[in-house]
Colleague: 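Sharing a structure, written as structure tokens. Questions coming.
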2 protein chains.
Amino acid sequence: MKKKAADVDRVFHALGDMTRRAMMERLSRGPMSVSLLAEPFKMSLAAVVQHLQILEEAGLVKTEKVGRVRSCRIESAGLDSAANWIGARRPEWARRLDRLEDILTEKGK
Amino acid sequence: MKKKAADVDRVFHALGDMTRRAMMERLSRGPMSVSLLAEPFKMSLAAVVQHLQILEEAGLVKTEKVGRVRSCRIESAGLDSAANWIGARRPEWARRLDRLEDILTEKGK
DNA sequence: CAAATAGTCAAGCAAATACTTAAGTATTTG
DNA sequence: CAAATACTTAAGTATTTGCTTGACTATTTG
């Protein structure tokens, strides 16, 4: 159940890029095809696909090709491993505050 | 209270580098001087300081110079903004599971 | 079945990044 | 006060990265 360091590395490296984070942002609102995903970006489709590959290798995105269209969606495994890494490095008192905040927010919602 | 996109960018960019994450890992076990922090890395002290600057600009590390030694420690502001970004993009069901896990873990400790 | 669609692949280039070396500045310490 | 310590600064190099272009492969659609 332990995550390998190399996996965490891929995840953070992938999220280290502005464009790739924007793609995650887009995909977090629902799955879509490669060309629809690429639409708002001022770059070639090939470039978008290259970013997509990096996200996929990091376990942040899962894609599936049906016919001639490849559908992309967020895979939470990657984001989970990033969240865990951060959680483990944050000082204990900060984590406690978060938990408090979670509880308070729960009520508000 | 809202975080600027540029701030989140700096944080993820900073954490996107292997060496810088290793530094965070080291600092998460407690504050230390620059040269002690640099010790396990096979690179010049100057290179370590450059990484340190990036971490500091991202709000991930705070440093203070006393006499001739600069002391470094983790600052949770940066990690918080990264955690928030991830939390916002993870599908809702994943976040709920996390909260459940938190509650369960609380008992175990 | 021809044209359009949706992506794939590979080579190459320019900018960003990580790292080095070398010389310099404060601050201890013997 | 001289030597050692703990960085600091600047300039240059080499690698990595993001992106482009152009040619190519499937899969629809009219």
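Values in this document were obtained by computation on a predicted structure and should not be read as measured data.
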Colleague: Does C:dG30 have a Watson-Crick or wobble mate here (both distances under 3.5 Å), and if so which one?
Modeller: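 Because both required distances fall under 3.5 Å, C:dG30 counts as paired with D:dC1.
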Colleague: Which ones in residues 23-56 of chain A lie close to DNA chain C, meaning a heavy atom under 4.0 Å from one of its atoms?
Modeller: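 Heavy-atom cutoff 4.0 Å gives A:Ser33, A:Val34, A:Ser35, A:Leu45, A:Ala46, A:Val49.
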Colleague: Which residue lies toward the 5' end of DNA chain D, A:Thr19 or A:Gly67, if each is placed at its nearest nucleotide?
Modeller: A:Thr19
Colleague: Using a 6.0 Å cut-off, check whether atom CE of A:Met43 has over 12 heavy atoms from anything other than its own residue.
Modeller: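 Counting neighbours around CE of A:Met43, more than 12 heavy atoms of other residues, nucleotides or ligands fall under 6.0 Å, so yes.
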Colleague: What is the distance, rounded to the nearest whole Å, between atom CZ of A:Arg21 and atom C1' of D:dG18?
Modeller: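 To the nearest whole Å, that distance equals 15 Å.
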Colleague: Using both distances under 3.5 Å as the test, list the Watson-Crick or G-U wobble partner of D:dT16, or none.
Modeller: C:dA15
Colleague: Under a 4.0 Å N-O cut-off, is there an ion pair linking B:Arg26 with B:Glu39?
Modeller: yes
Colleague: Please report the distance, rounded to the nearest Å, between CG in A:Asp9 and P in D:dT16.
Modeller: 14 Å
Colleague: Any side-chain heavy atom of A:Met23 within less than 4.5 Å of one from A:Phe41?
Modeller: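 Contact flag for A:Met23/A:Phe41 side chains = yes.
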Colleague: Indicate whether any N or O donor in one side chain lies under 3.5 Å from an N or O acceptor in the other, for A:Ser76 and B:Arg90.
Modeller: no
Colleague: Might you work through the side-chain contact (heavy atoms from CB on, under 4.5 Å) test for A:Asp7 and A:Val11, ending with a clear yes or no?
Modeller: CA-CA 6 Å; A:Asp7 295 343; A:Val11 172; 5.7 Å; no
Colleague: Looking at every heavy atom in both B:Arg20 and B:His13, which two are closest together, and how far apart are they?
Modeller: NH2-O, 3.4 Å
Colleague: Would you call B:Arg89 and A:Glu25 a salt bridge, using N to O less than 4.0 angstrom?
Modeller: yes
Colleague: Could you tell me from which nucleotide to which nucleotide of DNA chain C, 5' to 3', there is an atom under 4.0 Å from chain A heavy atoms?
Modeller: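 Contacts span C:dA4 to C:dC9, reading 5' to 3'.
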Colleague: Nearest 0.5 angstrom please: A:Cys72 SG to A:Leu60 CG, how far?
Modeller: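 Atom-to-atom, A:Cys72:SG and A:Leu60:CG are 13.0 Å apart.
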